[in-house]
Amino acid sequence: MGINVDIAQDWHAALAALSWQNDLGVEDVVLDAPVNRYDLPEATRAVKVDAPARVPNVPSPAKTPPPIMAAPAVDVVAVAQASAARAGSLDALREALAAFEHCDLKRGARNLVFADGNPKARVLILGEAPGRDEDMEGLPFVGSAGQLLDQMFAAIGMSRRSPDAEAALYITNVMPWRPPGNRDPEPDEIAMMRPFVERHIAFVDPEVIVAMGNTPLLALTGSKGILRARGSWGQAFGKPLLPMTHPAYLLRNPIAKREAWSDLLALQARLRG
Ligand code: URA
């Protein structure tokens, strides 16, 4: 009987753990190599469990109210500001982000996605957040939207791979961790990353910032509405800011590529002075 109770509790605990992972956006489980479970020793195989309904009166942990504990109030934006301010270089900023424990997205992500490109670039592209491909590779804009982004900038002679600062791009995101299921980052998540973004921009010190989509527009200007804002020069952290529609939007709405092309030409004209 004691064994049955343990098994039933394990079952509920496993279900709760699975559903927690699902909330975090876990969509697949990948091991480095395939495992043939028929080759495993008997003791390590899954225990066959009869339906837990056979165990009467076992309270489900999910239904037990959590103990009420007074959580200490932490001003996470102030923590982020202090952490970003202590970082004395781009490498230190990456380490500060890696050590930042107040963003739940970190727990669901495979990798920290910090940046790619040439830190001496005249143009800094600020994106939204990593997607699945970026989370796997630890680099921004490497999926289909990233390929379009590379093509768009190649059309005006710019590349993240250029060693020449004149033609180089530096690419980063507001969020360094993938949001579950690629949902939009929440305002509080954006707010806690903003001090890191500000410091990141200060280290790269680009001539121009390009905000790709609504999340960077919100992080940099406090307002949304990329379809209205795109193509109109603004200011962020003392730098000229060009909002553009996100390449993922362009993939879904190819007709909008016309406007994106005119934004790229405006950027090129500005850089040519
Ligand atoms: N979209 C973004 O905004 N950033 C990435 O890194 C990838 C897709």
Side-chain angles (χ1 to χ4, degrees), residues 24-25 27-28 90 93-94 97-98 100 103 105-106 108-119 121 123-154 158-161 168-194 196-198 200-201 204 206 208-221 223-227 229-231 236 241-254 256-257 259-260 263-264 267:
L24 283 176
E27 289 159 354
D28 47 34
L90 275 179
L93 190 67
R94 179 199 287 263
L97 268 171
F100 187 75
C103 183
L105 299 185
K106 180 179 180 180
R110 281 184 171 88
N111 280 302
L112 171 83
V113 176
F114 185 68
D116 195 15
N118 184 340
V123 175
L124 181 146
I125 296 175
L126 185 63
E128 301 189 333
R132 188 173 187 276
D133 296 313
E134 291 77 19
D135 182 40
M136 303 271 277
E137 286 199 33
L139 288 171
F141 282 104
V142 291
S144 50
Q147 284 159 25
L148 177 57
L149 180 137
D150 285 337
Q151 287 163 10
M152 287 161 60
F153 281 86
M158 304 197 78
S159 156
R160 64 173 103 185
R161 294 284 155 255
L169 299 171
Y170 185 83
I171 306 178
T172 185
N173 283 312
V174 174
M175 305 305 304
W177 298 289
R178 181 192 182 197
N182 294 345
R183 67 159 169 76
D184 287 343
E186 301 287 348
D188 64 322
E189 292 165 343
I190 296 175
M192 71 176 87
M193 286 302 126
R194 199 170 176 277
F196 293 105
V197 171
E198 181 173 9
H200 207 149
I201 291 172
V204 177
V208 169
I209 304 170
V210 175
M212 281 293 177
N214 259 322
T215 297
L217 184 66
L218 182 61
L220 295 177
T221 68
S223 53
K224 277 188 162 183
I226 191 68
L227 294 182
R230 62 136 283 277
L241 170 70
L242 179 64
M244 287 185 62
T245 43
H246 195 283
Y249 174 82
L250 299 178
L251 287 172
R252 292 192 304 272
N253 302 276
K257 286 183 182 173
E259 292 167 344
D263 298 344
L264 286 169
L267 173 65

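Here the structure is a predicted model, which is why all the values come from computation and not from measurement. Numbering of ligands and ligand atoms starts at 1, following listing order.
- Here the closest non-hydrogen pair linking P119 and L90 is CB-CD1, 3.8 Å.
- For atom 4 (N) of ligand 1, the nearest non-hydrogen atom from the set D133, N173, T215, N182 comes from N173.
- Under a 3.5 Å cut-off, the side chain of R194 and the backbone N or O of A219 do form a donor-acceptor pair.
- F114 and H200 have parallel rings, their planes meeting at less than 30° on a 0 to 90° scale where 60° marks the start of perpendicular.
- The closest approach between a heavy atom of A129 and any atom of ligand 1 is below 4.0 Å.
- Closest non-hydrogen pair, A260 versus M244, comes out as O-CE, 3.7 Å.
- Which parts of ligand 1 touch G127 is read off a 4.0 Å heavy-atom cut-off, strictly below it: atoms 3 (O).
- To the nearest 0.5 Å, atoms OG1 (T215) and CD1 (I190) are separated by 4.5 Å.
- Applying the salt bridge (charged side-chain N to carboxylate O under 4.0 Å, His left out) criterion to D116, with sequence neighbours excluded, gives R160, R161.
- Below 4.0 Å from some heavy atom of P140 lie the following atoms of ligand 1, by number and element: 6 (O).
- Closest to atom 1 (N) of ligand 1 among all protein heavy atoms lies H246 NE2, 3.1 Å.
- Side-chain atoms of K106 come within 3.5 Å of backbone N or O of A98 as a donor-acceptor pair.
- The shortest N or O to N or O distance between F141 and ligand 1 is under 3.5 Å.
- Under 4.0 angstrom from ligand 1, there are no non-hydrogen atoms of A145.
- By the criterion of a heavy-atom distance under 4.0 Å, neither the backbone nor the side chain of M212 is placed next to ligand 1.
- An N or O contact shorter than 3.5 Å is missing between E134 and ligand 1 by distance.
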